[in-house]
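Along the sequence shown, the residues carry numbers beginning at 1. Below, all heavy atoms of this structure are taken into account, side chains as well, without hydrogens, waters or symmetry copies.
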Amino acid sequence: MSGPSYEESIKNFNLKEILSEKNRLAEEKRIRTDRLQELAYQNYEIFIRTGNALDNADSELCNLTKSSHNLSDHLTVLSDRCHQFSKKWEHSEEKRRKTILTLAKHSQIMDLLEVPQTMQKFVRDGAFEDALHLAEEVKKMESKIGNILVAQKIYKEVEEQRLAMLSSLISQLRGPIQLSQCIHIIGYLRRLEVYSEAELRLKFLQSRNFWLQSTLDSIHSDSSYQLVLQIIQLTRQNLFDIVNQYRALFNLDDPLLLIEGTHGNCVNETAILPQWLSYRIRIFIGKLKEILPNIPSESLDTIVYQCMHFGMSFGRKGADFRDQLVSVFLTIFSDKFTEKISKAKHIFKENLENWDIQEAVRSVSTPATIPQSAESLSPCSSLVAYSPLAELCNAFVPAFNDIRISPPLAIYNNILNILSEALKFAADQLLAFYRGKVANASPEAKDFFQLMCVEFRDNVIGFLESSVGLLYPAQEVSKYSGMTIMEIQNQRSHKLDRTGITSILAEFLPELTTEEEEVRSQEKEKFEENDLTMIEDSEAETVGKE
């Protein structure tokens, strides 16, 4: 153990020792300093070498520290490089593994890569069943490995071929196809799942409508009559085919069946076909309106029969459109009749302006007025003396011939009005002719003109009345109007306006003699007897049928 410390020792000093301690310490310091100097002198070289050694050791230690730091930095880089190398090796190993696997499954991969070309071949060759099966398999593959780039590309190319298949199927619907082909095509379209049910129906009708319209547009004929017949035939035939195909392909059992459209709207599927048929019928009727005015009147009865047969046959499909045809043909008949009557009025006016009554008086002996027979469809022979009147009657004949085969009862009153207006026009022309050329002529010319007016009243008006009566028997008019024959004969609305016509020339028309009244009465009674006989025969025929 060491001795007591200096502090403990000094505590035991007496006063004298404490006072002399300072000198003792100074002496001891001197002795130690001398000894240190002596030691330094004796060991100077050792101190120098030791100092240099310490400096060298310190320098080497600094270099060692720097080297250690550099080594640490390089070891970090080496560690990173080794880590990168490890990753690259792992990646290379994965590639090597995949390459080995790829080589092992080379044939399957080649088959997979050839799927788009196979799909294209199926679509091009019309093997739609195989194409759909292949597309379904690709779709399953895409759902499993859709994250693989190659699979995505294959799926995209197959989808493009599906669209090409869709286009091919639609183009087939736009051509001449049979029901069996339609069934297959619609089945393929359903499996493609591109259209909803309502859209599929619309697409079918649009495609078939394209085919029908292209077929009609391809018709060319120099004859309007032949053109209309071909349009009727092709429209009827193709519409029947399309309707039958549609009903075979789509369900029409439930008339209240509603489906949801693409925008959330409810679509009545069963209304699609009737609306399309209505659209096609409007086009057909519009084409008729365009062509019928160019068809000769004598050919219209055949057109009427064909069109009515067309409309009646479509009644079995729920699309009887004969009521729409009636107004079209009535308008055509009425327009043609009006055209012929207008032409007759123009001819009469020109002939009357160019007629020399003085020459007619000199060339014709006193003519006899022969009443027009109610049963005759030919103008009275006494009209030959008055050429404008004769030519007027002859000009009326083509108008009657236009409606002779099948005179439409619906325009009966219209025909009466047209004829009444034409006869009033003729009476006005006669009156103007008198004032312009006869008023200042010889008495013989005035008498001749008066006889001409009588001839106009008795034979021209009578000719038109008998013609209308034979074209429209009172029995037929009675069935159409719901009136009895006696009511028809007594009503002015069902006759020519004889009073209004003759009132224009009243100053030139003498009152009928008793003999003339008797002749007219006999003619009227005979005409009524014929009508009553026809009614009795009709009733007897009806009873026999019952």
Side-chain angles (χ1 to χ4, degrees), residues 296-298 335-373 376-404 415-468 496-510:
S297 302
E298 60 270 14
D335 290 347
K336 286 185 174 293
F337 188 83
T338 302
E339 180 183 356
K340 295 291 177 63
I341 296 300
S342 299
K343 186 177 180 180
K345 289 161 61 176
H346 179 71
I347 291 173
F348 178 72
K349 182 179 179 181
E350 286 187 349
N351 290 336
L352 197 61
E353 290 174 352
N354 299 326
W355 187 51
D356 187 354
I357 192 171
Q358 296 289 356
E359 181 66 25
V361 171
R362 289 191 296 270
S363 60
V364 179
S365 59
T366 303
T369 302
I370 304 173
Q372 173 73 26
S373 173
S376 176
L377 273 178
S378 301
C380 185
S381 59
S382 61
L383 288 172
V384 175
Y386 313 96
S387 59
L389 294 183
E391 292 179 3
L392 176 63
C393 290
N394 290 335
F396 281 144
V397 171
F400 289 120
N401 287 335
D402 286 351
I403 60 174
R404 178 176 57 84
I415 286 177
L416 291 178
N417 293 331
I418 293 171
L419 292 175
S420 296
E421 291 300 322
L423 290 174
K424 289 177 182 179
F425 173 82
D428 288 333
Q429 294 299 316
L430 287 173
L431 183 60
F433 177 76
Y434 176 82
R435 292 171 180 172
K437 295 185 178 182
V438 182
N440 298 323
S442 64
E444 292 81 4
K446 293 180 180 180
D447 293 340
F448 190 83
F449 179 79
Q450 185 177 10
L451 292 174
M452 183 178 183
C453 292
V454 174
E455 193 74 22
F456 176 77
R457 179 193 64 187
D458 295 342
N459 290 330
V460 176
I461 299 177
F463 165 69
L464 296 183
E465 286 180 335
S466 62
S467 299
V468 173
L496 292 176
D497 187 11
R498 178 180 282 270
T499 302
I501 298 167
T502 56
S503 63
I504 299 173
L505 301 173
E507 58 183 298
F508 308 108
L509 297 174

How far apart are the C-alpha atoms of Phe449 and Val361, what are their side-chain angles, what is the distance that settles it, and do they pass the side chain to side chain contact (heavy atoms under 4.5 Å, CB included) test?
CA-CA 9 Å; Phe449 179 79; Val361 171; over 6 Å; no
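- Under the rule for a side-chain contact (heavy atoms from CB on, under 4.5 Å), the partners of Ser387 that lie at least two apart in sequence or sit in another chain are Trp355.
- With sequence neighbours excluded, the residues satisfying side-chain contact (heavy atoms from CB on, under 4.5 Å) with Asp335 are Thr331.
- A perpendicular orientation is assigned to the rings of Phe400 and Phe463, their planes being inclined by more than 60° (bins at 30° and 60°).
- Sorted by first and then second residue, the salt bridge (Lys or Arg N to Asp or Glu O under 4.0 Å) pairs involving residues 422-435 (not counting sequence neighbours) are Lys424-Asp497.
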Determine whether Leu389 and Phe348 satisfy the following criterion, side chain to side chain contact (heavy atoms under 4.5 Å, CB included), listing intermediate values before the conclusion.
CA-CA 7 Å; Leu389 294 183; Phe348 178 72; 3.9 Å; yes
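- In this view, Lys340 and Asp402 satisfy the salt bridge (Lys or Arg N to Asp or Glu O under 4.0 Å) rule, not counting sequence neighbours.
- Between Ala399 and Phe337, the closest heavy-atom pair is O-CD1, 3.4 Å.
- Residues forming a side chain to side chain donor-acceptor pair (under 3.5 Å) with Glu339 (at least two apart in sequence, or on another chain): none.
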Give the C-alpha distance, both sets of side-chain angles, the deciding distance and a yes or no for side chain to side chain contact (heavy atoms under 4.5 Å, CB included) between Ser342 and Thr338.
CA-CA 6 Å; Ser342 299; Thr338 302; 4.1 Å; yes
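- Remark: Phe456 engages no residue in a ring pair (Phe, Tyr, Trp, His ring centres under 6.0 Å) (not counting sequence neighbours).
- Among pairs with a residue in residues 344-354, none fulfils salt bridge (Lys or Arg N to Asp or Glu O under 4.0 Å), at least two apart in sequence or across chains.
- In the displayed structure, Asn440 atom CG is contacted under 6.0 Å by at most 12 heavy atoms of other residues, nucleotides or ligands.
- Residues that satisfy the side chain to side chain donor-acceptor pair (under 3.5 Å) test with Glu391, not counting sequence neighbours, are Asn351.
- What you find for Ala395 and Ile347 is that their closest heavy atoms are CB-CD1, 4.3 Å.
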